[in-house]
Amino acid sequence: MRIAVAKETDLAETRVALTPDVVKRLVGTGAQVTVESGAGLAAGATDEAYREAGATIAGSRSEALSGADVFLTVRRPAAGGLQGLKPGALVIGIMDPYGKGAEIAELARTGVSIFAMELMPRITRAQVMDVLSSQANLAGYRAVIDAAAEFGRAFPQMMTAAGTVPPARAFVMGAGVAGLQAIATARRLGAVVSATDVRPAAKEQVASLGAKFVAVEDDEFKQAETSAGYAKEMSDSYKAKQAELVASHIAKQDIVITTALIPGRPAPRLVTAAMVRSMKPGSVIVDLAVERGGNVEGSRADEVVEVDGVKIVGYANVAGRLAASSSALYAKNLAAFLETLVSKETKELAINWDDELVKATALARDGALVHPIVKPADAPTPAPAAEAPSDVSPVQEAQ
């Protein structure tokens, strides 16, 4: 089995799909790994480190992909970015599939099978493959560091002979993986932290980290979580009540970090322009949802906007601002998933298309769209190849 890694086609992406330590692990299982020269530099991984781990260094993208069975990537490749792969090869990465059926279909026309890692089900077996959690954890940490860098005062309370420096007050909106890490990091830096979320289970999690929970806890709130653990879209009446409570709370805060996302939808607007103007000059808001339209009115991707003395930080790809750490975790997520697609006996691809992990993440199979997110309503589901059992990929090589 030959695995390829190339430079990301999105020039703003600093992460790399495989790090040298994970390359060493894959080579140890008998895989051949080819890495495009310079693919890992932004994440601190040199060509020499890959060579020492057992990888072959290719001089170009086309050379890296040529004849590969598996192509591992961070972001969805651009159109034409799969040239050289074998028909039936696997392409595995963060595919951003919602509303992108045409882009996925264009990639699938090359005959590949495409897997979206962000669709990995949140079950015990798949925890080690959960890229959303691994990347959001780092994003939550970095959000607080970015806030501290823009904030003109100290986070912890300091008692000195010259007087006392009061602690910063930080409010985290959204207590998922990113939000919980933001709470923990702000607490470690000495801030007085509060947080809100529409999921009832979040209240206990927030309290366990030493933060105060802020929410309208009515009957709708008690049923505001899906079976998969995600937040539901709330009614307009609930949003109005929550907004009133949050508005009065935000006016007293020094730091606000927003993390709210709903899969497949634009980011919900949590902080209005009026709320921004209610904050003290020198306060900082970090919008982690800026790539999906933003939780904060006035936030702009990859900019720090100042409104009446309040800074709104809107860095995109926040996990990529810690490229070495995020790449290390992402590479392990990929390797763990890839291992489920390979026969332990033959070391070749042996994909069980009925496996719940495969069914949840497969966008395209042998060039045909198969996932409801991207598949046209009238498109037939492809039958397995006649030459192979239904649980085995007809091409015995992976992405």
Please check if atom [atom1] in [X] has more than 12 non-hydrogen atoms from other residues, nucleotides or ligands closer than 6.0 Å.
X	atom1	value
Tyr315	OH	yes
Glu244	CD	no
Lys280	NZ	yes
Lys347	NZ	yes
Lys100	NZ	yes
Arg269	CZ	yes

Lys/Arg N to Asp/Glu carboxylate O, [X] vs [Y], below 4.0 Å:
X	Y	value
Arg75	Asp96	no
Glu303	Arg300	yes
Asp10	Arg15	no
Lys241	Glu220	no
Glu48	Arg51	yes

Can you check whether [X] reaches [Y] side chain to side chain, under 4.5 Å on heavy atoms?
X	Y	value
Pro77	Arg61	yes
Phe115	Val358	yes
Tyr238	Asp219	no
Val276	Glu297	no
Gln205	Ile183	no
Leu209	Arg187	no
Met95	Thr73	yes
Val16	Tyr50	yes

Nearest-0.5 Å distance that lies between atom CG in Leu363 and atom OG1 in Thr361: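 So the gap between those two atoms works out to 7.5 Å.
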
Atom pair CG (Leu369) and CD1 (Ile114), whose distance is rounded to the nearest 0.5 Å: 7.5 Å

Heavy-atom donor-acceptor pair, Glu8 side chain to Val74 backbone, under 3.5 Å: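 Flag set: sc Glu8 to bb Val74 pair under 3.5 Å.
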
No-hydrogen, no-angle side-chain donor-acceptor test under 3.5 Å, Thr196 and Gln242: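 Yes, Gln242 and Thr196 have a side-chain donor paired with an acceptor closer than 3.5 Å.
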
Joint hydrophobic cluster, Val290 plus Met275, side-chain heavy atoms closer than 4.5 Å: no

Cluster link Phe337 to Ile123, ILVMFWY, side chain under 4.5 Å: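 Yes: a chain of side-chain contacts under 4.5 Å links Phe337 to Ile123.
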
Identify each donor-acceptor pair in which a side-chain atom of residues 156-175 lies under 3.5 Å from a protein atom, sequence neighbours left out, and give them as a table.
from   : atom 1 : to     : atom 2 : distance (Å)
Thr160 : OG1    : Ala162 : N      : 3.2
Thr160 : OG1    : Gly163 : N      : 3.2
Thr160 : OG1    : Gly163 : O      : 2.7

Candidates Thr29, Val33, Val342, Thr346 - the one meeting side-chain contact (heavy atoms from CB on, under 4.5 Å) with Met1: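 Option passing the side-chain contact (heavy atoms from CB on, under 4.5 Å) with Met1: Val342.
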
Quick check: closest heavy atoms across [X] and [Y], and the distance to 0.1 Å?
X	Y	result
Leu245	Ala215	CD2-C, 3.6 Å
Ser134	Leu329	O-CD1, 3.8 Å
Ala289	Ala267	CB-CB, 3.7 Å

